[in-house]
Colleague: 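Would you mind keeping the following structure in view while I ask a few things?
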Amino acid sequence: MALRLYNTLTRRLEPLEPIRSGQVSMYTCGPTIWNYAHIGNFRTFLFEDLLRRWLEASGLSVFHIMNLTDVDDRIIREASARGTDIRSFTEPFARAFFEDRDWLRLRPAHVYPRATDFIDPMIALVQGLMDRGFAYQGEDGSVYFAIDRFPAYGRLSQLDRRELKAGASGRISADEYDKENAQDFVLWKAARPEDEAVGAAWDAPFGRGRPGWHLECSAMGLALLEREGLGPVLDIHAGGVDLIFPHHEDEIAQSCAYTGEAHFARMWVHGEFLNVRGSKMSKRFGNITTPRDLREDGVDPGALRLLLFQTHYRQKLDLTDDGLAAAREGCRRLGEFDSRLRRSETTPAGEENDFTPWGRNLEQKVAGALDDDLNAPEAVAAVFQASRDGNRLLDLGIFPAAADRDRWARLLGVLDILPAEAGAAAIVTPGGGSGVAAGALSPSPPADPAEAEAWAVAWAAARAAAKGSKDYKEADRIRALLAGAGWEIRDARDGRAEVRRVFP
RNA sequence: GGCGCCGUAGCCAAGUGGUAAGGCAGAGGUCUGCAAAACCUCUAUUCGCGAGUUCGAUUCUCGCCGGCGCCUCCA
C-alpha cells in the first residue's frame with residue numbers, strides 16, 4: 001500500500017498509515033434526506049467510492065460508514081408543511097437515495113446510520129461534554145459547545161488564521177440562538193412546538209429537544225467505531241469541501257473534547273464541487289440536476305462515472321451537455337474493446353506475447369496514478385491507452401492470456417466506467433441463414449425481444465445471401481431497414497456479419 | 001475584510017524545473033462492394049499577462065488581469 005492522500009488537516013500529501021494494519025475505518029458524510037440528492041452530492045460520493053474501491057483493491061479491509069441525516073430544519077419544515085412526521089417524510093428519499101446509489105454503481109457502505117436511530121449516543125455525548133465543561137446550556141434551553149474551551153478549534157479550517165465576518169454567507173442570522181460566543185455552535189436544540197408536531201423531539205436530562213447537525217456525525221461515528229471494536233479514532237473522514245467549516249471543524253471539537261484523543265480522524269479528505277453549466281447548483285438558479293434526471297435523459301451511468309473521473313476530485317468540475325456527449329462516446333469505445341477482449345481467442349497460460357507487457361503496463365500505470373492522491377484522470381488515460389494498444393494487438397492476431405484479461409477486468413472493476421448496455425451481438429454466418437426468403441419477412445420487428453432478435457438475425461441472413469450474389473442494392477436496403485429498427489450490422493473480414501441491438 | 005482555489009489545443013482535462021498524458025470534436029489514410037467498428041497519421045514551438053530567480057520555468061517567487069469557493073447546520 002503506497003497510497004498517498006491530500007490531508008486537509010495538514011494541507012499536504014501524506015501516506016495512508018492505517019491505525020490497525022490491514023484495516024481502514026472510513027466515515028463519509030451522507031445526504032440529508034429531505035429531497036432527492038443531486039449530482040453534486042453524488043460527485044462527492046463517487047470520489048469516495050473510488051477511494052473505497054482502491055483501498056479494497058489494495059488489499060485493505062475497509063469499514064465504511066455513511067450517515068443519513070433524517071432530522072434537520074429543512075426536514076421539519078417540509079414535514080410540517082405536509083402535515084406528516086419526519087420519519088414518514090424522509091423514508092421515500094432514503095429509498096430514492098439507495099436507488100440512485102445503485103444506478104451510479106456506488107459500492108454500498110457497511111452501515112447507513114440514521115440520526116434518529118442514534119439519539120441515545122447523542123444524548124450521552126452532549127452530557128459528557130457538559131460534564132467535562134465543554135458545553136453549556138443557554139437560557140433558551142439549547143446546549144452549546146464553548147469553542148474557547150477547546151484550543152485546537154479551527155485547526156482543520158485554519159480558523160485561527162482567519163477573521164470571521166459574521167453572517168457573511170447570508171445563510172444564518174447570527175442572533176438566532178442564545179449563545180455566549182457568536183461562534184459557539186449548537187449541540188442540542190430545545191424543542192419547539194413545530195418540532196413536537198412532526199416527531200422531532202426527544203427527552204434528555206438537559207431538556208427535551210433534538211440533536212444539532214454536527215453532533216450526529218460525531219456520535220454515530222464514535223458509537224459505530226466502538227461497536228466494531230475499532231477504537232475512538234477514524235482512519236479517514238471524507239466529505240465535500242464545503243463541510244470543512246463548520247461541520248468537520250465542529251465534529252473534531254466535539255469528538256476530541258469527549259474522547260481526549262488528538263484526532264477524530266487521522267486523514268481528512270475533501271472533494272471539490274460540481275457545478276452545472278458554470279454555476280453552483282441551487283434552487284435559486286433552478287439548475288438542480290439529479291441522477292434521476294440524467295437517467296431519464298438516457299445518460300449511461302458508466303459514461304457519467306467516466307466523465308467525473310476524468311477530472312481530479314480536488315478540482316472543480318463543470319457538468320455540461322458536451323462533456324456528457326464526449327464521455328458517452330469514450331465509454332462506448334471502452335465497451336467495444338472490453339467485449340472484443342472477452343470474446344477473443346486466448347493464449348495459453350505461461351506463454352508470453354505482447355499482451356504480457358500490455359497487462360503489466362496497464363496495472364503499473366493505474367496503480368501509480370491512484371496511489372498518487374487518487375489521480376483518476378491519469379488512471380483513465382492509461383485505460384484508454386491500453387484499449388488502443390489492445391485493439392492493435394488483436395488486429396495483428398495477437399491474443400491475451402487469461403491473466404491479461406483478468407488484469408483488465410480487475411482494474412476496470414475499480415473505476416467501473418464501462419457502459420451499462422453493451423448490446424449482445426449475434427453472429428450470422430453466410431449460407432447458414434434461416435432459409436426464409438426476404439420477401440416472407442416482416443419489415444418491422446416483433447414486439448417480443450427474443451422474437452425481435454430472431455427477426456433481426458433472419459434479415460441479416462437474407463442480407464448475407466444478397467451479398468453473396470452481389471446484390472448490394474438489396475443488401476444495403478436490408479441494412480438500412482435494420483438500422484431503422486435499432487439494429488446494427490457489422491461485416492467482418494471473413495464474410496461473417498454481426499447483428500446487434502443499438503441502445504440509443 | 002479573512003482563508004483558499006483555478007486560468008494548458010475548437011471543447012474537456014492530466015502533468016513536470018529540462019521543454020506538453022488522455023478523452024471528445026476535426027482532417028487525411030488502411031481495411032471494406034459501400035458502410036460500421038478498429039487501427040495509423042496529422043491537429044498547442046506552447047501552458048492568462050508582465051517581471052524576477054535559474055544554465056533553463058508551463059512548472060518556483062512577486063505583481064496584474066480574469067473566473068470561482070468558504071466565512072456557523074450547502075456535497
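In what follows, chains carry the letters A, B, and so on, assigned in the order in which the sequence lines appear, proteins first and then strands, with residues in each chain numbered from 1. Fair warning: this is a prediction, and the values are worked out from it, not measured in the lab.
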Colleague: Pair Asp148(A), Tyr153(A) - check side chain to side chain donor-acceptor pair (under 3.5 Å), show working.
Modeller: CA-CA 8 Å; Asp148(A) 50 9; Tyr153(A) 193 81; over 6 Å; no
Colleague: Suppose you measure atom P in G66(B) against the same atom in G10(B); what distance do you get, rounded to whole Å?
Modeller: 23 Å
Colleague: Once you round it to whole Å, what is the distance between P of A21(B) and CZ of Arg388(A)?
Modeller: 12 Å
Colleague: Name the pairing partner of U30(B), where a pair is Watson-Crick or G-U wobble with both distances under 3.5 Å, or state none.
Modeller: A38(B)
Colleague: Please determine if a side-chain N or O atom of Asn375(A) lies less than 4.0 Å away from the OP1 or OP2 oxygen of G15(B).
Modeller: yes
Colleague: For a quick check, tell me whether the side chain of Asp242(A) and the base of G69(B) share a donor-acceptor pair closer than 3.5 Å.
Modeller: no
Colleague: Check the surroundings of atom CZ in Arg490(A): do more than 12 heavy atoms from other residues, nucleotides or ligands lie under 6.0 Å from it?
Modeller: yes
Colleague: Of the nucleotides A14(B), A75(B), U72(B), which one has an atom closest to the side chain of His38(A)?
Modeller: A75(B)
Colleague: Give the nucleotide from the list A36(B), A14(B), G33(B) with an atom nearest to the side chain of Pro377(A).
Modeller: A14(B)
Colleague: Looking across every strand, which nucleic acid part, if any, lies under 4.0 Å from Arg77(A) by heavy atom: base, sugar-phosphate, or nothing?
Modeller: nothing
Colleague: Above 12 or not: heavy atoms from other molecules or residues under 6.0 Å from CZ of Arg11(A)?
Modeller: yes
Colleague: Return the nearest nucleotide to the side chain of Arg392(A); candidates are A75(B), G22(B), C39(B).
Modeller: C39(B)
Colleague: Of all the nucleotides listed (A75(B), A14(B), A25(B)), which has the minimum atom distance to the side chain of Glu329(A)?
Modeller: A25(B)
Colleague: Hunt down the Watson-Crick or G-U wobble partner of A57(B), both distances under 3.5 Å, from any strand shown, or write none.
Modeller: none
Colleague: Going by ring centres under 5.5 Å and near-parallel planes (under 30°), is Phe384(A) stacked on G22(B)?
Modeller: no
Colleague: What is the distance, rounded to the nearest whole Å, between atom CG of Leu307(A) and atom P of A13(B)?
Modeller: 9 Å
Colleague: Counting the atoms with a prime plus P, OP1 and OP2 as sugar-phosphate, which does Leu274(A) contact under 4.0 Å by heavy atoms, base, sugar-phosphate, or nothing?
Modeller: base
Colleague: Starting from the 5' end of RNA chain B, give me the residue, Arg463(A) or Arg340(A), whose nearest nucleotide shows up first.
Modeller: Arg463(A)
Colleague: Among C5(B), A14(B), A75(B), which is the nearest nucleotide to the side chain of Lys316(A)?
Modeller: C5(B)
Colleague: State which of G4(B), G33(B), C39(B) makes the closest approach to the side chain of Gln158(A).
Modeller: G4(B)
Colleague: Whole angstrom is fine here: how far is it from CG in Asp373(A) over to C1' in A14(B)?
Modeller: 13 Å
Colleague: Check whether any side-chain heavy atom of Val269(A) sits under 4.5 Å from a side-chain heavy atom of Leu374(A), and report yes or no.
Modeller: no
Colleague: Using a cut-off of 4.0 Å on non-hydrogen atoms, how would the nucleic acid contact of Gly323(A) be classed: base, sugar-phosphate, or nothing?
Modeller: nothing
Colleague: Using the P atoms only, state how far C42(B) lies from A20(B), rounded to an integer number of Å.
Modeller: 14 Å
Colleague: How far does the C1' atom of G50(B) sit from the matching atom of C65(B), given to the nearest Å?
Modeller: 10 Å
Colleague: Kindly say whether, by distance alone, the side chain of Arg479(A) makes a donor-acceptor pair under 3.5 Å with the base of A35(B)?
Modeller: yes
Colleague: Would a 4.5 Å heavy-atom cut-off, applied to side chains only, mark Phe45(A) and Arg101(A) as touching?
Modeller: no
Colleague: Quick check against the 3.5 Å criterion: does Asn361(A) have a side-chain atom that pairs as donor or acceptor with the backbone of Trp358(A)?
Modeller: no
Colleague: Mind checking the C1' distance from A9(B) to G52(B)? Whole angstroms is fine.
Modeller: 29 Å
Colleague: If you look at every strand shown and take non-hydrogen atoms under 4.0 Å, does Arg332(A) touch a base, only sugar-phosphate, or nothing?
Modeller: sugar-phosphate
Colleague: Need to verify one output field. Residue with the more 5' nearest nucleotide on RNA chain B, Gly239(A) or Ala327(A)?
Modeller: Ala327(A)
Colleague: How many whole angstroms separate atom CG of Leu324(A) from atom C1' of G23(B)?
Modeller: 14 Å
Colleague: Looking only at the side chain of Phe245(A) (C-beta and beyond, no hydrogens), which of the listed nucleotides G33(B), U72(B), C24(B) gets closest?
Modeller: U72(B)
Colleague: Roughly how many Å is it from CZ in Arg490(A) to P in U32(B), rounded to a whole number?
Modeller: 17 Å
Colleague: Paired with G10(B): which nucleotide, if any, by Watson-Crick or G-U wobble criteria at under 3.5 Å for both distances?
Modeller: C24(B)
Colleague: Picking from C39(B), A21(B), G33(B), which would you name as closest to the side chain of Ala381(A)?
Modeller: A21(B)
Colleague: Any side-chain heavy-atom pair from Phe42(A) and Leu106(A) closer than 4.5 angstrom?
Modeller: yes
Colleague: Could you work out the separation of U16(B) and U59(B) based on their P atoms and round it to a whole Å?
Modeller: 13 Å
Colleague: Would you say a side-chain N or O of Gln310(A) is under 4.0 Å from OP1 or OP2 of G23(B)?
Modeller: no
Colleague: Can you tell me if Ser80(A) and Glu194(A) form a side-chain donor-acceptor pair at under 3.5 Å?
Modeller: no
Colleague: How is Phe273(A) classified with respect to the nucleic acid when contacts are heavy atoms under 4.0 Å: base, sugar-phosphate, or nothing?
Modeller: base
Colleague: Could one point to a donor on the side chain of Asp491(A) or the base of C34(B) with an acceptor on the other under 3.5 Å away?
Modeller: yes
Colleague: Which nucleotide in the set A75(B), A14(B), A38(B) lies at the smallest distance from any side-chain heavy atom of Glu378(A)?
Modeller: A14(B)
Colleague: Starting at atom CD of Gln385(A), determine the distance to atom P of A38(B), rounded to an integer number of angstrom.
Modeller: 15 Å
Colleague: Work out how far the P atom of C39(B) is from that of U46(B), and round it to whole angstrom.
Modeller: 31 Å
Colleague: Hunt down the Watson-Crick or G-U wobble partner of U19(B), both distances under 3.5 Å, from any strand shown, or write none.
Modeller: none
Colleague: If G1(B) has a Watson-Crick or G-U wobble mate with both distances under 3.5 Å, name it; if not, just say none.
Modeller: C71(B)
Colleague: Say we look at G28(B) and C68(B): how far apart would their C1' atoms be, to the nearest angstrom?
Modeller: 41 Å
Colleague: Determine which nucleotide pairs with C64(B), using a 3.5 Å limit on both distances of a Watson-Crick or G-U wobble pair.
Modeller: G48(B)
Colleague: When you measure from the centre of the six-membered ring of Trp487(A), is the NZ or CZ of Arg500(A) under 6.0 Å away and within 45° of the axis?
Modeller: no
Colleague: Return the value, rounded to whole Å, for the distance between atom CG of Leu308(A) and atom P of A14(B).
Modeller: 12 Å
Colleague: What's the closest nucleotide to the Arg333(A) side chain, out of G33(B), C39(B), C74(B)?
Modeller: C39(B)
Colleague: For Asn67(A) and A75(B), what is the distance between atoms CG and P respectively, to the nearest whole Å?
Modeller: 10 Å
Colleague: State whether Arg328(A) places a side-chain N or O below 4.0 Å from either non-bridging phosphate oxygen (OP1 or OP2) of G23(B).
Modeller: no
Colleague: Could you tell me whether Leu306(A) contacts a base, only the sugar-phosphate backbone, or nothing, with contacts defined as non-hydrogen atoms closer than 4.0 Å?
Modeller: nothing
Colleague: Please determine if Asp476(A) and Arg479(A) form a salt bridge, counting it only when a charged side-chain N lies under 4.0 Å from a carboxylate O.
Modeller: yes
Colleague: Mind checking the P distance from U19(B) to A13(B)? Whole angstroms is fine.
Modeller: 25 Å
